[in-house]
Amino acid sequence: MTSPCHDAPPRFSMPPPPVTNTPLEFMPTHDLSFWDSDVSPGCTVSLDAAMSFKDGYPSLRVDLPAGLPAGTVVRVGTSGATGKGQPRIPFGWDLRRFSFALRSTNAAIMQIGGMIYLGDSEWSNYWYGALNALHYGGSAGADTVMFIDNEWWVPKLDAPLDCEGVPTAATLARGKFTVQLSAATTQPETIWLGMFAALPKRTLPTVILSFDDGFASWDTYLMERLKYYGLPASFAIVTSLLGQPDYMSAERMKVRFDDPSRLFDFILHQSVHDNVVVQGSANYVTALQVGRDQMRTAGISGDGPSHHAWVESLWTDTAIDAMRKAGFLSARAAGYTAESGFDQVFFTGKDKAAFILNTASVSLTNDVTFAQVQTAIEEAVGNDSFVFVNGHDIVRTPESTYQTSYAVIDELLAWLAGQVAAGALQVVSHSRWFADTTGRVTDRR
């Protein structure tokens with residue numbers, strides 16, 4: 001596996017972490033014997049070395065003829081006959097965290113998504129699951145559908161596969177992938193399948209503490225408590241707010257970044273505090289690049305300034321594409337789903353879900369209790385997801401939505417430190433989590 005190079009070096013040299021716990025393809029998409037014996041009439045399958053999804057392997061290519069009517073179910077798979085591939089699922093698999101990588105020349109007619117089937121030789125007993133292309137909706141209108149023409153879409157299925165009959169691993173003989181067309185093919189179209197896999201469980205539940213905007217209370221209250229407990233956190237900076245009343249200065253940001261504990265990870269919120277709907281996608285990404293340059297000028301090196309927190313959690317697919325071209329690495333938004341916490345495919349650099357990262361179902365607002373935050377973290381841990389816990393300002397007595405009380409923060413940090421000491425979870429920074437997930441280098445903890 002390979003990983004992109006740093007756009008700015010960390011403060012000292014170290015080898016990149018190993019990327020492990022990666023997907024297991026129980027029907028490898030680079031092995032034609034798993035896909036060429038159960039194919040829809042008129043469709044052809046082949047391997048396409050020019051269209052690799054991961055590890056340099058060719059992808060499975062499915063060519064569709066013109067004239068297929070709406071409602072057609074296109075299928076590719078194995079009959080399990082002699083000489084043909086037979087699925088081998090992981091031993092003891094709980095049937096959760098199934099994922100595939102799909103690409104198409106005409107994604108609009110495939111928005112219904114794809115289905116997986118795994119069964120015995122007669123399809124008398126089988127498992128199945130569906131993944132809808134509209135599942136990953138956003139909050140900024142039509143420009144949030146992630147499955148679009150000629151780009152990889154990597155959905156994940158949190159719920160266990162359903163079943164008909166009593167399928168077992170011992171009787172598993174055949175499998176197939178299907179896509180139902182929502183419109184007719186008026187010309188030849190192509191589908192690529194780049195992965196068909198079970199995602200591994202996390203080796204350790206992962207929590208990322210994150211705080212937005214740049215408040216002075218981070219420096220005067222929060223950071224010393226993080227050092228006391230040995231807990232890292234990430235801080236999303238609005239560069240135009242640095243030095244303003246109630247906000248950190250650029251000088252204090254640099255001092256905290258240089259702290260020998262390496263606990264403080266500074267990422268980018270924006271250069272101006274306007275969301276992508278207000279600015280438009282192009283202007284929004286231009287403003288991000290300005291903010292990243294400003295953070296670099298202030299002395300913030302490493303990956304942090306290339307990680308982003310969406311303003312007001314609004315995002316667009318157009319902005320994501322522009323951010324990727326500009327060298328940004330990931331982005332966080334609000335809203336919790338278990339699937340958004342499945343990061344096992346991010347090492348490929350082709351899973352756009354890295355730009356709509358999870359936050360807990362409860363944020364650190366003025367009326368939240370520690371018990372509510374604890375429950376939200378435990379929810380993500382139970383779902384085998386990594387999760388961000390996000391806040392803003394820290395005050396004695398909260399008076400506005402984006403403030404959290406000293407009392408809640410103190411109890412949360414103490415509890416997290418206890419969980420870390422017990423080996424129940426890990427707390428890492430945004431930059432550390434991404435480096436460990438993708439094989440990059442960082443000096444943040």
Side-chain angles (χ1 to χ4, degrees), residues 1-25 52-57 97 99-101 136 146 151-156 194-195 197-208 210 232 234 236 262 265-268 288 292 300-310 315 320-321 323-333 339-359 380 384-388 426-445:
M1 298 173 187
T2 60
S3 182
C5 296
H6 251 287
D7 61 344
R11 295 191 307 156
F12 53 82
S13 178
M14 63 180 72
V19 177
T20 58
N21 297 105
T22 51
L24 175 64
E25 287 206 79
S52 176
F53 176 72
K54 68 181 183 71
D55 298 340
Y57 285 123
R97 298 174 308 282
S99 182
F100 60 79
Y136 293 91
M146 300 291 278
E151 289 195 13
W152 289 107
W153 174 55
V154 191
K156 297 97 179 175
M195 182 186 72
L199 305 181
K201 290 184 176 181
R202 303 190 65 78
T203 54
L204 194 63
T206 299
V207 175
I208 303 170
S210 62
S234 294
R262 295 180 287 111
D265 176 38
F266 289 92
I267 70 168
L268 177 62
L288 281 180
R292 180 170 60 183
I300 309 302
S301 60
D303 276 351
S306 290
H307 295 300
H308 174 48
W310 292 100
W315 58 272
I320 290 174
D321 287 342
M323 289 167 65
R324 295 170 76 196
K325 290 178 181 177
F328 287 92
L329 300 172
S330 72
R332 165 176 55 79
E339 297 95 331
S340 291
F342 295 164
D343 56 6
Q344 296 93 329
V345 193
F346 290 175
F347 73 91
T348 65
K350 297 170 183 173
D351 185 354
K352 293 172 74 172
F355 286 83
I356 49 170
L357 299 174
N358 240 359
T359 56
D384 200 39
S385 297
F386 82 92
V387 70
F388 285 83
Q426 64 176 348
V427 179
V428 298
S429 68
H430 189 145
S431 289
R432 167 54 58 194
W433 157 78
F434 193 83
D436 289 348
T437 301
T438 62
R440 293 176 68 85
V441 177
T442 185
D443 65 358
R444 301 295 95 179
R445 291 171 57 187

[X] vs [Y] side-chain heavy atoms within contact, under 4.5 Å:
X: Val428; Y: Phe386; result: no
X: Pro232; Y: Arg432; result: no
X: Phe434; Y: Ile267; result: no
X: His307; Y: Asp265; result: no
X: Arg324; Y: Lys352; result: yes
X: Phe100; Y: Pro23; result: no
X: Gln344; Y: Pro200; result: yes

Nearest 0.5 Å, what's the [atom1]-[atom2] distance between [X] and [Y]?
X: Ser431; Y: Arg440; atom1: OG; atom2: CZ; result: 9.5 Å
X: Arg262; Y: Arg445; atom1: CZ; atom2: CZ; result: 6.5 Å
X: Gln426; Y: Thr206; atom1: CD; atom2: OG1; result: 3.5 Å
X: Phe342; Y: Lys156; atom1: CZ; atom2: NZ; result: 9.0 Å
X: Thr438; Y: Phe346; atom1: OG1; atom2: CZ; result: 10.0 Å
X: Glu339; Y: Asn358; atom1: CD; atom2: CG; result: 9.0 Å

Can you name the closest pair of heavy atoms from [X] and [Y] and give their distance?
X: Val345; Y: Leu199; result: CG2-CD2, 3.8 Å
X: Arg292; Y: Leu268; result: N-CD2, 3.6 Å
X: Ala435; Y: Thr442; result: CB-CG2, 3.6 Å
X: Arg444; Y: Ser429; result: CB-OG, 3.6 Å
X: Thr437; Y: Asp343; result: CG2-O, 3.3 Å

Aromatic plane relationship, Trp310 with Trp315 - under 30° parallel, 30 to 60° tilted, over 60° perpendicular: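 Answer is tilted, since the angle falls between 30° and 60°.
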Side-chain donor/acceptor of Lys350 to backbone N/O of Ser52, under 3.5 Å: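 Confirmed, Lys350 side chain pairs with Ser52 backbone.
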Any side-chain donor near an acceptor of the partner, Ser330 and His430, under 3.5 Å: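 Present: a donor and an acceptor within the cut-off.
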Step-by-step side chain to side chain contact (heavy atoms under 4.5 Å, CB included) determination, Met195 to Val154: CA-CA 9 Å; Met195 182 186 72; Val154 191; 4.1 Å; yes
Lys/Arg-Asp/Glu bridge criterion (N-O < 4.0 Å) met for Lys325, Asp321: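 No salt bridge links Lys325 with Asp321.
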Check against side chain to side chain contact (heavy atoms under 4.5 Å, CB included), Glu25 and Asp55: CA-CA 12 Å; Glu25 287 206 79; Asp55 298 340; over 6 Å; no
Member of Lys201, Arg202, Arg97 meeting the salt bridge (charged side-chain N to carboxylate O under 4.0 Å, His left out) criterion with Asp384: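 The option that passes is Arg97.
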Verdict with reasoning, Thr348 to Trp152, per side chain to side chain contact (heavy atoms under 4.5 Å, CB included): CA-CA 11 Å; Thr348 65; Trp152 289 107; over 6 Å; no
